[in-house]
Protein chains: 2
Amino acid sequence: MTPAGKRILDAAGGLFYREGINAVGVALVADTAGVTKKTLYDRFGSKDELVVHYLQRRHDDWWAYLDERLAAAAPPRTLVLIDAYVSHPGLEAARGCAFINAAAELPPGHAGWEVIRAHKRAVRTRLAELIAQDAPQADAEDLAEHVFLLIEGAIAHTGIDGGDGRVQKARDLAARLLREDARAG
Amino acid sequence: MTPAGKRILDAAGGLFYREGINAVGVALVADTAGVTKKTLYDRFGSKDELVVHYLQRRHDDWWAYLDERLAAAAPPRTLVLIDAYVSHPGLEAARGCAFINAAAELPPGHAGWEVIRAHKRAVRTRLAELIAQDAPQADAEDLAEHVFLLIEGAIAHTGIDGGDGRVQKARDLAARLLREDARAG
DNA sequence: CCCTGGTTATACCGATCGGTATACATCCAG
DNA sequence: CTGGATGTATACCGATCGGTATAACCAGGG
């Protein structure tokens with residue numbers, strides 16, 4: 001990754017997320033990065049490919065942040081995953097989940113869809129693993145889907161409500177589900 | 001509402017939902033409606049106002065459909081609300097929730113935001129009323145928020161997964177929560 | 001020393017964007 | 001029978017879109 005390429009990805013990361021993908025032109029991305037359009041097209045080939053790189057980096061960054069938090073955490077680590085959503089520096093409450101937003105904008109067949117689906121699949125899988133550790137008594141798959149829906153509902157509304165209140169609420173509800181499992185057997 | 005105005009709203013309803021708001025130009029809306037751009041601007045003044053009308057009508061249509069289904073249903077009517085999401089004719093699984101999609105596209109300050117927030121608030125309020133009837137033993141507000149998050153998580157993923165499987169799952173989980181309340185006391 | 005890869009600068013392309021202007025047809029109500 | 005509202009048809013506007021072309025500059029390595 002050349003220095004200019006990294007600056008382009010930085011600029012695209014901020015602009016696509018904050019303003020929306022379709023609302024941001026390549027010229028604005030290039031200007032913000034302090035780079036000419038020529039350089040942008042030399043590095044990424046097209047806006048569509050730049051969008052794919054933007055989504056992939058968004059996933060990689062958050063995934064690394066999640067691993068970091070999980071490694072340093074005591075059980076129940078399921079709640080750490082939820083905490084990582086609100087605490088990770090790339091999230092802005094007024095804009096919500098970058099992947100849900102992108103899904104609403106990208107046309108069917110766009111290469112970015114693969115990255116979006118892979119991201120959600122990865123989160124869902126990781127959640128199932130954490131649940132299996134935190135709630136050994138429960139039907140782990142069922143509980144994982146339950147908590148996953150709570151999380152997705154909450155972060156989908158982060159951008160609409162403009163705050164992370166619903167994520168906190170989802171965390172409380174998930175914590176109660178885990179507690180109830182601990183009491184059961 | 002003039003005949004041409006209604007046709008414009010019909011065309012906009014399909015195009016904005018299926019292709020995305022920013023991806024559809026006013027010329028395409030006018031052509032699809034069999035109407036000139038002049039007529040479109042005579043009726044709606046600007047694309048932004050047309051978008052507001054589109055969202056408002058989307059809400060009104062679904063709300064009327066929901067009332068219809070609720071009137072003819074026996075308890076637990078909470079589940080009827082969830083069923084209305086998947087069964088209402090305007091929803092296409094591959095596109096998911098029109099309001100979540102619009103929220104991802106509209107710039108901050110756009111008049112459409114009021115319609116989006118009002119819609120979600122209305123659903124949330126209605127849900128609380130139904131829960132209060134279906135689960136009189138529970139902390140109704142708490143349970144309403146719980147079920148609301150399940151629903152929103154599921155429909156947010158309808159557009160990503162391309163099917164309503166997660167909504168059905170959310171329905172099952174909500175049904176179990178109601179049953180558990182009935183057992184408790 | 002010179003060649004190559006990364007970069008800047010600038011100008012350009014056709015297409016499409018949201019929005020406006022002009023002129024003419026139709027039709028219903030006063 | 002006439003005037004205003006509703007509509008069609010068409011052409012146009014400046015701005016911006018994604019993407020390309022040409023030319024020069026500069027640093028590092030064979």
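Protein chains get the first letters and strands the later ones, always in sequence-line order, with residue 1 at the start of each.
- Rounded to whole angstrom, the span from the OH atom of Tyr41(A) across to the P atom of dC12(C) amounts to 19 Å.
- Across the protein-nucleic acid pair, Lys6(A) atom NZ and dT7(C) atom C1' stand 18 Å apart, rounded to whole Å.
- Checking each of Phe44(A), Phe16(A), Tyr17(A) against Tyr54(A) for a ring-ring contact (aromatic ring centres under 6.0 Å, His included) leaves exactly one that passes, namely Phe16(A).
- Residue-level contact check: Val24(A) touches the backbone only, with heavy atoms under 4.0 Å from sugar-phosphate atoms and none from bases.
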List every contact pair, protein side and nucleotides 6-10 of chain D side both N or O, where the distance is under 3.5 Å.
unit_1	atom_1	unit_2	atom_2	d
dG7(D)	OP1	Thr2(B)	OG1	3.0
dG7(D)	OP1	Ala4(B)	N	3.0
dG7(D)	OP2	Thr2(B)	OG1	3.2
dG7(D)	OP2	Arg43(B)	NE	2.7
dG7(D)	OP2	Arg43(B)	NH2	3.0
dT8(D)	OP1	Gly34(B)	O	3.1
dT8(D)	OP2	Thr39(B)	OG1	2.9

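- Residues Leu178(B) and Pro76(B) share a closest heavy-atom pair of CD1-CB, 4.1 Å.
- At least one cation-pi condition fails for Arg58(A) and Phe99(A): the charged atom is not both under 6.0 angstrom from the six-membered ring centre and inside a 45 degree cone around its axis.
- Smallest separation of non-hydrogen atoms from Ala174(A) and Ile82(A): CB-CD1, 3.9 Å.
- Residue Asp48(B) contributes atom CG, which lies 13 Å from atom C1' of dC17(C) at whole-angstrom precision.
- In the model, Gln56(A) has a side-chain atom that pairs as donor or acceptor with a side-chain atom of Asp60(A) under 3.5 Å.
- When all heavy atoms of Arg77(A) and Asp134(A) are compared, the closest pair comes out as N-OD2, 2.9 Å.
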*Go along nucleotides 25-30 of chain C 5' to 3' and tag each nucleotide: B for a protein heavy atom under 4.0 Å from its base, S when only backbone or sugar atoms are that close, - otherwise.*
------
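- Under the side chain to side chain donor-acceptor pair (under 3.5 Å) test applied with His146(A), the options Lys169(B), His146(B), Arg176(B) reduce to a single match, His146(B).
- One atom, CG of Leu15(B), and another, C1' of dG18(C), lie 16 Å apart when rounded to the nearest Å.
- Among all heavy-atom pairs drawn from Trp113(B) and Ile160(A), the shortest one is CZ3-CA, 4.0 Å.
- One atom, CZ of Phe44(B), and another, P of dG18(C), lie 15 Å apart when rounded to the nearest Å.
- Rounded to whole angstrom, the span from the CG atom of Leu28(B) across to the C1' atom of dA15(C) amounts to 15 Å.
- dG19(C) atom C1' lies 13 Å from atom CD of Glu49(B), rounded to whole Å.
- Counting to the nearest Å, the P atom of dT16(C) and the NZ atom of Lys47(B) are 15 Å from each other.
- Under 3.5 Å, the side chains of Tyr85(A) and Thr158(A) contain no donor-acceptor pair of N or O atoms.
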